[in-house]
Amino acid sequence: MLYRFFYCLLVPLLMATLPPAMAADQIVWGKYNVPPYMIRSGEFAHQGIFDQTLGVLKEQLPQYEHVELEAPFPRINSEIRKGSHWCYNGTLKTPERENYGYLSLPTSIFLPLRIIVRRDRQSQFKGPQSLQALLRNDRLITSVMRDRSYSPTVDKLLAAYPPKENYSEQVEAIGMLLAGRIDYMVELPLLAFDQARVMGHAGELVAIPTQEADEVVFNRVMCPRNEWGRRVIEQVNKVLIANRSKPYYRAIVEKWHDPESVAEIRRIYDGVFLKTP
């Protein structure tokens, strides 16, 4: 009887001390506000592209408890590096990330990055711009997100000519650009324009093509590179294989894009997006 008494007393105490992230059936999905990919509040809350592709995964992986936790991307990336039971929907594949994370099949599409500037300064950035020349120009200031991968070409240029400024949330950088504290950004037009609109500055930014980087890249789910992460990614891939070719999933990937961008997505969807490992 005494043994049973101590057993009943100690087990709940031990269970209470176990960190939540160690529960084998729980996934913490790191999220932050980056409309229209992730929309955390307002009229269109949870209707972003990443929000809705994550919704597909959550619905079709009922064996897990899904917890969404708002955090800056550097924090999310750090938790995955540490091997925590965190995942992120929306990362790009890089050799470095494959060293500490497992990555899924593509979940959605990023069309080419552009140089984003204020409309009233557009004349200073005429025609396709050399990103390398801009980064080498000490009189022009830009800022990049910590730990973010932009594209293979842009990542190489940023490594060769690292900007002095960096940020954790896109809203910080868009605010600095609108206020004139930085001169330009390397960003997705869809993201930059929508963020400016939300901040009350619709139409005040323009996108300039780059000479070097015209790459279409794909977003993926990333989980830690451990046995738990491997199993999650394996199951995520099964959901993606079963759903990405369906009309409702295609509509999610196209959501928020203008007609020209939708046409570009449709040109590459079957032949490239669905066939990229």
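Note that these values count all heavy atoms, side chains included, but never hydrogens, waters or copies made by symmetry.
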Partner residues of Tyr37 under the ring pair (Phe, Tyr, Trp, His ring centres under 6.0 Å) criterion, sequence neighbours left out
Phe50, Phe110
Among all residues two or more places apart in sequence or in another chain, which pass the ring pair (Phe, Tyr, Trp, His ring centres under 6.0 Å) test with Phe273?
Phe218, Tyr269
Evaluate Tyr100 against Met222 for side chain to side chain contact (heavy atoms under 4.5 Å, CB included), listing each step before the verdict.
CA-CA 10 Å; Tyr100 62 85; Met222 180 168 65; 4.2 Å; yes
Gap between atom [atom2] of [Y] and atom [atom1] of [X] - 0.5 Å precision:
{"X": "Ile268", "Y": "Leu111", "atom1": "CD1", "atom2": "CG", "value": "6.5 Å"}
{"X": "Phe125", "Y": "Leu140", "atom1": "CZ", "atom2": "CG", "value": "5.0 Å"}
{"X": "Leu131", "Y": "Leu113", "atom1": "CG", "atom2": "CG", "value": "9.0 Å"}
{"X": "Leu190", "Y": "Lys255", "atom1": "CG", "atom2": "NZ", "value": "11.5 Å"}

What verdict does the side chain to side chain contact (heavy atoms under 4.5 Å, CB included) test give for Arg266 and Glu254, after you've listed the backbone C-alpha separation in whole Å, the side-chain angles of each residue and the deciding distance to 0.1 Å?
CA-CA 8 Å; Arg266 290 178 179 177; Glu254 295 175 3; 2.9 Å; yes
Would you check if the side chain of [X] reaches a backbone N or O of [Y] as a donor-acceptor pair within less than 3.5 Å?
{"X": "Tyr248", "Y": "Asn243", "result": "no"}
{"X": "His46", "Y": "Gly55", "result": "no"}
{"X": "Gln26", "Y": "Glu65", "result": "no"}
{"X": "Trp256", "Y": "Gln47", "result": "yes"}
{"X": "Thr276", "Y": "Val272", "result": "yes"}
{"X": "Arg244", "Y": "Pro106", "result": "yes"}
{"X": "Arg220", "Y": "Gly90", "result": "no"}
{"X": "Arg230", "Y": "Tyr102", "result": "no"}
{"X": "Thr142", "Y": "Tyr184", "result": "yes"}
{"X": "Asn89", "Y": "Trp29", "result": "no"}

In terms of side-chain geometry, is the basic nitrogen of [X] or [Y] positioned less than 4.0 Å from the acidic oxygen of its partner?
{"X": "Arg81", "Y": "Glu96", "result": "yes"}
{"X": "Arg139", "Y": "Asp183", "result": "no"}
{"X": "Glu234", "Y": "Arg231", "result": "no"}
{"X": "Glu165", "Y": "Arg181", "result": "no"}

Side chains of [X] and [Y] in contact at under 4.5 Å (non-hydrogen atoms):
{"X": "Val186", "Y": "Val144", "answer": "no"}
{"X": "Met38", "Y": "Glu70", "answer": "no"}
{"X": "Leu177", "Y": "Glu187", "answer": "no"}
{"X": "Val67", "Y": "His85", "answer": "no"}
{"X": "Met176", "Y": "Ile174", "answer": "no"}
{"X": "Thr210", "Y": "Ser130", "answer": "no"}

Which pairs with one or both residues in residues 128-231 pass disulfide (SG to SG under 2.5 Å), sequence neighbours excluded?
Cys87-Cys223
Kindly state each residue pair satisfying disulfide (SG to SG under 2.5 Å) with at least one member in residues 132-214, sequence neighbours excluded.
none
Please report the shortest heavy-atom distance between [X] and [Y], naming the atom on each side.
{"X": "Leu103", "Y": "Leu92", "answer": "CD2-O, 4.0 Å"}
{"X": "Ile76", "Y": "Ala71", "answer": "CD1-O, 3.4 Å"}
{"X": "Gln132", "Y": "Tyr161", "answer": "NE2-OH, 2.9 Å"}
{"X": "Asn226", "Y": "Gly83", "answer": "ND2-O, 3.2 Å"}
{"X": "Ser143", "Y": "Tyr167", "answer": "OG-CD2, 3.2 Å"}
{"X": "Ala173", "Y": "Met185", "answer": "CB-CE, 3.7 Å"}

So, [X] and [Y]: side-chain donor and acceptor under 3.5 Å apart, yes or no?
{"X": "Asn219", "Y": "Ser108", "result": "yes"}
{"X": "Ser149", "Y": "Arg97", "result": "no"}
{"X": "Tyr88", "Y": "Asn77", "result": "no"}

CA sep, side-chain torsions, deciding dist, call: Arg267, Glu264, salt bridge (charged side-chain N to carboxylate O under 4.0 Å, His left out)
CA-CA 5 Å; Arg267 278 194 292 271; Glu264 175 64 18; 2.5 Å; yes
With a 3.5 Å cut-off and sequence neighbours excluded, list the donor-acceptor pairs that the side chains of residues 197-207 form with protein atoms.
residue : atom : partner : partner atom : Å
Arg197  : NE   : Asp194  : OD1          : 3.2
Arg197  : NH2  : Asp194  : OD1          : 3.0
His201  : ND1  : Glu204  : OE1          : 3.1
His201  : ND1  : Glu204  : OE2          : 3.0

Using the salt bridge (charged side-chain N to carboxylate O under 4.0 Å, His left out) rule, collect all pairs that involve residues 209-218, keeping only residues at least two apart or in two chains.
Arg114-Asp214
Could you give me the CA-CA distance, side-chain angles and deciding distance for Val171 and Gln195, then say whether side chain to side chain contact (heavy atoms under 4.5 Å, CB included) is met?
CA-CA 7 Å; Val171 65; Gln195 186 65 69; 3.8 Å; yes
Residue pair Ser104, Leu240: steps toward the side chain to side chain contact (heavy atoms under 4.5 Å, CB included) verdict:
CA-CA 9 Å; Ser104 73; Leu240 294 173; 4.0 Å; yes
Using 30° and 60° as the class boundaries, would you call the ring planes of Trp228 and Tyr64 parallel, tilted or perpendicular?
perpendicular
